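Quick notes on the structure that follows.
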Amino acid sequence: MNTRQLFDLATSTYTYLLWDNATKQAAIIDPVIEQWKRDKNLIEELGLHLQYSLETHIHADHVTGGGLLRKAFDCKVGVHTNSHANCADILLQEGDQLSLGSRILRVIHTPGHTDTDVCYLADGMIFTGDTLLIHGSGRTDFQSGNAGQAYDSIVQKIFTLPQDTIIFPCHDYAGFTCSTVGEEQRFNPRLGNNRSREEYIRIMTEIRLPKPEKIDTAIPGNQGCGL
């Protein structure tokens with residue numbers, strides 16, 4: 001599986017382009033609407049056949065470029081079924097598998113940040129959205145968030161993967177690009193060193209963050225696939 005990590009500076013969002021080298025079948029994860037032409041040009045330059053535009057959750061800080069990429073490439077837009085996004089072609093659930101040639105993206109439902117969060121697992125890599133960040137995790141104080149569910153999703157699903165599984169998050173605000181399951185198990189200040197569920201809930205409850213600037217337009221925009 002070939003991978004490109006792309007970045008939107010305004011929202012500190014990572015977008016990922018994945019493809020099978022033999023067939024050139026591709027998927028894009030978490031595209032940002034302001035960057036859709038960049039993504040379109042790269043897909044065309046690489047000679048890829050975009051099959052899927054996938055979301056890790058209904059974002060509150062940016063609007064997806066998935067709808068515009070679907071218009072350009074006739075790909076399928078996928079988001080978790082809890083999103084109630086009638087615009088989507090695929091309403092994803094735990095255990096779904098998406099094929100890119102001989103490669104498989106496995107869908108893991110990881111609620112907690114929101115109830116729409118999923119991770120995508122492929123070839124020793126996991127694309128964690130906002131469920132698990134590098135030395136952090138997604139906030140749980142709005143939009144169906146639940147700190148206990150987030151802890152369970154991370155510890156029972158992500159942390160059970162092999163230690164060298166590469167973690168690619170949706171955001172980073174400190175200049176990091178990736179981590180591994182083993183690193184986060186040891187060094188994540190919210191979850192590392194077998195921190196208890198109760199401790200995690202306390203930490204997340206005490207965090208006070210401002211409302212995302214674009215939340216009032218981003219959530220309905222993403223429920224409409226950016227269109």
Side-chain angles (χ1 to χ4, degrees), residues 3-19 25-44 46 48-100 105-122 127-131 138 142-145 168-171 211-227:
T3 309
R4 290 289 184 274
Q5 184 181 53
L6 308 168
F7 191 61
D8 177 63
L9 184 61
T11 59
S12 297
T13 300
Y14 285 123
T15 295
Y16 299 94
L17 181 63
L18 317 175
W19 70 94
Q25 291 185 349
I28 195 166
I29 299 174
D30 291 334
V32 177
I33 195 166
E34 288 82 2
Q35 302 291 348
W36 85 274
K37 287 186 178 178
R38 174 203 66 187
D39 300 341
K40 174 178 178 291
N41 289 340
L42 179 60
I43 291 164
E44 290 174 343
L46 294 173
L48 304 180
H49 311 296
L50 191 67
Q51 306 294 302
Y52 305 105
S53 180
L54 305 172
E55 304 297 329
T56 54
H57 60 293
I58 293 294
H59 305 275
D61 52 9
H62 71 269
V63 175
T64 177
L68 292 175
L69 291 170
R70 177 171 58 188
K71 283 188 173 183
F73 295 106
D74 196 29
C75 64
K76 294 182 178 179
V77 169
V79 63
H80 190 265
T81 186
N82 287 347
S83 67
H84 305 294
N86 295 329
C87 63
D89 303 289
I90 308 172
L91 293 176
L92 300 165
Q93 299 184 58
E94 170 79 22
D96 284 351
Q97 296 187 8
L98 305 172
S99 298
L100 299 175
L105 289 177
R106 292 179 170 82
V107 177
I108 305 172
H109 186 211
T110 52
H113 171 57
T114 74
D115 66 356
T116 66
D117 279 73
V118 297
C119 298
Y120 300 98
L121 179 65
F127 301 87
T128 56
D130 282 7
T131 298
F142 70 97
Q143 199 187 352
S144 70
F168 287 113
C170 181
H171 297 285
K211 186 174 81 168
E213 182 180 344
K214 297 183 179 181
I215 187 172
D216 294 330
T217 55
I219 290 177
N222 288 318
Q223 288 175 325
C225 298
L227 301 176

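None of these values were measured; they are calculated from a predicted model.
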In this structure, OG1 of T11 is separated from CD1 of I33 (nearest 0.5 Å) by 12.0 Å

For the residue pair S53 and L69, what are the closest heavy atoms and their distance? OG-CD1, 4.4 Å

Could you tell me which residues satisfy ring pair (Phe, Tyr, Trp, His ring centres under 6.0 Å) with Y14, sequence neighbours excluded, listed by chain and number? F7

Please check if atom CD in Q5 has more than 12 non-hydrogen atoms from other residues, nucleotides or ligands closer than 6.0 Å. yes

State whether a side-chain donor-acceptor pair under 3.5 Å links T64 with E55. yes

For residues T56 and D30, is any side-chain donor paired with an opposing acceptor at under 3.5 Å? yes

Nearest 0.5 Å, please: how far is CD1 in I108 from CG in D117? 12.5 Å

Side chain to side chain contact (heavy atoms under 4.5 Å, CB included) for V107 and H80? Distances and angles first, verdict last. CA-CA 9 Å; V107 177; H80 190 265; 5.7 Å; no

Where do Y52 and S99 come nearest, in terms of heavy atoms and distance? CE1-O, 3.4 Å

Give me the atom names and distance for the closest heavy-atom approach of L91 to D96. O-OD2, 4.2 Å

Less than 4.5 Å apart, any side-chain heavy atom of T15 and any of Q35? no

State which residues pass disulfide bond (SG atoms under 2.5 Å apart) with C119; sequence neighbours excluded, sorted by chain then number. none

To the nearest 0.5 angstrom, please state how far the CD atom of Q93 sits from the CD1 atom of I90. 12.0 Å

Flag side-chain contact, heavy atom, 4.5 Å: D89 against R70: yes

To the nearest 0.5 Å, how far apart are CD1 in I29 and OG1 in T128? 10.0 Å

Non-neighbouring partners of F127 that pass ring pair (Phe, Tyr, Trp, His ring centres under 6.0 Å), sequence neighbours left out: Y16, F168

Take atom CG in D74; do more than 12 heavy atoms of anything else shown fall under 6.0 Å from it? no

Sub-4.5 Å side-chain heavy-atom contact between L6 and L42: yes

Quick one: does T81's side chain get under 4.5 Å of L92's, heavy atoms only? no

Hey, what do you get for CG (D115) to CD (Q143), rounding to the nearest 0.5 Å? 8.5 Å

Among residues at least two apart in sequence or on other chains, which ones pass salt bridge (Lys or Arg N to Asp or Glu O under 4.0 Å) with E44? K40

Applying salt bridge (Lys or Arg N to Asp or Glu O under 4.0 Å) to K76 and not counting sequence neighbours gives none

Correct closest heavy-atom pair for T116 and I58 would be OG1-N, 3.0 Å

Looking at every heavy atom in both A26 and W19, which two are closest together, and how far apart are they? CB-CB, 3.7 Å

What's the shortest heavy-atom distance between L54 and A27, and which atoms? CD1-CB, 4.3 Å

With the side chain counted from C-beta on, respond yes when Q51 and L100 share a heavy-atom pair under 4.5 Å apart, and no when they do not. yes

Interatomic spacing from CD1 in I219 to OG in S83 - rounded to 0.5 Å: 12.0 Å

How would you list, by chain and number, every residue that makes a ring pair (Phe, Tyr, Trp, His ring centres under 6.0 Å) with H57, sequence neighbours excluded? H59, H113

